[in-house]
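Below: the structure, in structure tokens.
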Amino acid sequence: VMLRAGEAEKALAFAEANLDGCPHAMAIKQLAKLMMCIGVRSREASVLSFFDGLASLELPDFPNPEAAAYFWRFGRWAVREFLAEGQSCEDSAANMIPQALERQGVCISHLAIQASDRGLGFLQLIP
């Protein structure tokens, strides 16, 4: 939840406080899911320092150092690519008129989003 909200520093502090001394406690699949849960507006430096913190805590359970090096190299590349794409999308949305964004299929005009009464994980689209 903290990574999705762009709070990588809080997520790292939580991991350090609760998982220090628990090496190899995270499966590779869980690490991959964490990488997929990053918020598109997160700062690259804080997200990468979060993953550096996980590596320094030795939380991911890699079978060998070579596998770890391979996963971290391509995982960080994918995270950087995702964040760059999000930044590019945000920049183009800020610099284009809404009609052009509509024609490209990037936005829907006169659509608002608000929190749902079903809880924090739900959004309600209001046409």
Side-chain angles (χ1 to χ4, degrees):
V1 173
M2 291 181 223
L3 283 179
R4 175 80 60 193
E7 298 175 341
E9 295 90 358
K10 285 184 181 179
L12 180 57
F14 178 83
E16 289 172 341
N18 295 301
L19 299 172
D20 192 22
C22 301
H24 309 291
M26 179 185 293
I28 306 305
K29 196 172 200 174
Q30 291 172 316
L31 179 59
K33 284 223 183 245
L34 274 178
M35 287 182 164
M36 290 187 287
C37 288
I38 296 169
V40 73
R41 290 183 169 191
S42 299
R43 293 179 326 150
E44 182 180 323
S46 62
V47 170
L48 293 177
S49 70
F50 169 77
F51 289 115
D52 289 341
L54 293 184
S56 69
L57 290 171
E58 298 179 3
L59 285 179
D61 187 20
F62 290 107
N64 56 51
E66 294 81 15
Y70 183 85
F71 186 91
W72 283 122
R73 180 178 46 231
F74 287 102
R76 288 171 201 220
W77 172 80
V79 166
R80 283 187 181 114
E81 186 69 25
F82 173 73
L83 293 174
E85 188 70 29
Q87 184 64 45
S88 172
C89 190
E90 188 177 332
D91 292 343
S92 70
N95 296 321
M96 295 178 105
I97 60 171
Q99 293 81 4
L101 294 171
E102 245 182 293
R103 277 193 305 275
Q104 292 176 0
V106 179
C107 78
I108 302 171
S109 66
H110 307 294
L111 184 69
I113 299 174
Q114 72 179 22
S116 173
D117 56 354
R118 296 186 349 194
L120 295 175
F122 296 94
L123 297 175
Q124 179 178 352
L125 301 176
I126 305 166

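All heavy atoms count here, side chains included; hydrogens, waters and symmetry mates do not. A quick note: this is a predicted structure, and the numbers were derived from the prediction, not measured.
- Between Pro60 and Trp72, the shortest heavy-atom contact is CG-CZ2, 3.8 Å.
- Between Ala25 and Cys22, the closest heavy-atom pair is CB-O, 3.2 Å.
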Please output the side-chain donor-acceptor pairs of residues 27-41 that fall under 3.5 Å, not counting sequence neighbours, one pair per line with the distance.
unit_1 : atom_1 : unit_2 : atom_2 : d
Gln30  : OE1    : Ala27  : N      : 2.8

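- Between Met96 and Arg103 the shortest side-chain heavy-atom distance does not fall below 4.5 Å.
- Between Phe74 and Tyr70, the ring planes lie tilted relative to each other; the angle falls in the 30° to 60° range.
- For Glu102, the side-chain contact (heavy atoms from CB on, under 4.5 Å) partners at least two apart in sequence or on another chain are Cys107, Ser109.
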Under 3.5 Å donor-acceptor pairs involving side-chain atoms of residues 48-59, not counting sequence neighbours:
unit_1 : atom_1 : unit_2 : atom_2 : d
Ser49  : OG     : Ala45  : O      : 3.3
Ser49  : OG     : Ser46  : O      : 2.9
Asp52  : OD1    : Arg76  : NH1    : 2.6
Asp52  : OD1    : Arg76  : NH2    : 2.9
Ser56  : OG     : Gly53  : O      : 2.9

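- Separation of atoms CD (Gln87) and CD (Glu44) is listed at 10.0 Å; rounding is to 0.5 Å.
- Around CD of Glu85, the count of heavy atoms belonging to other residues, nucleotides or ligands within 6.0 Å does not exceed 12.
- Leu19 and Val47 fall within a single hydrophobic cluster, where Ile, Leu, Val, Met, Phe, Trp and Tyr side chains are chained together by heavy-atom contacts under 4.5 Å.
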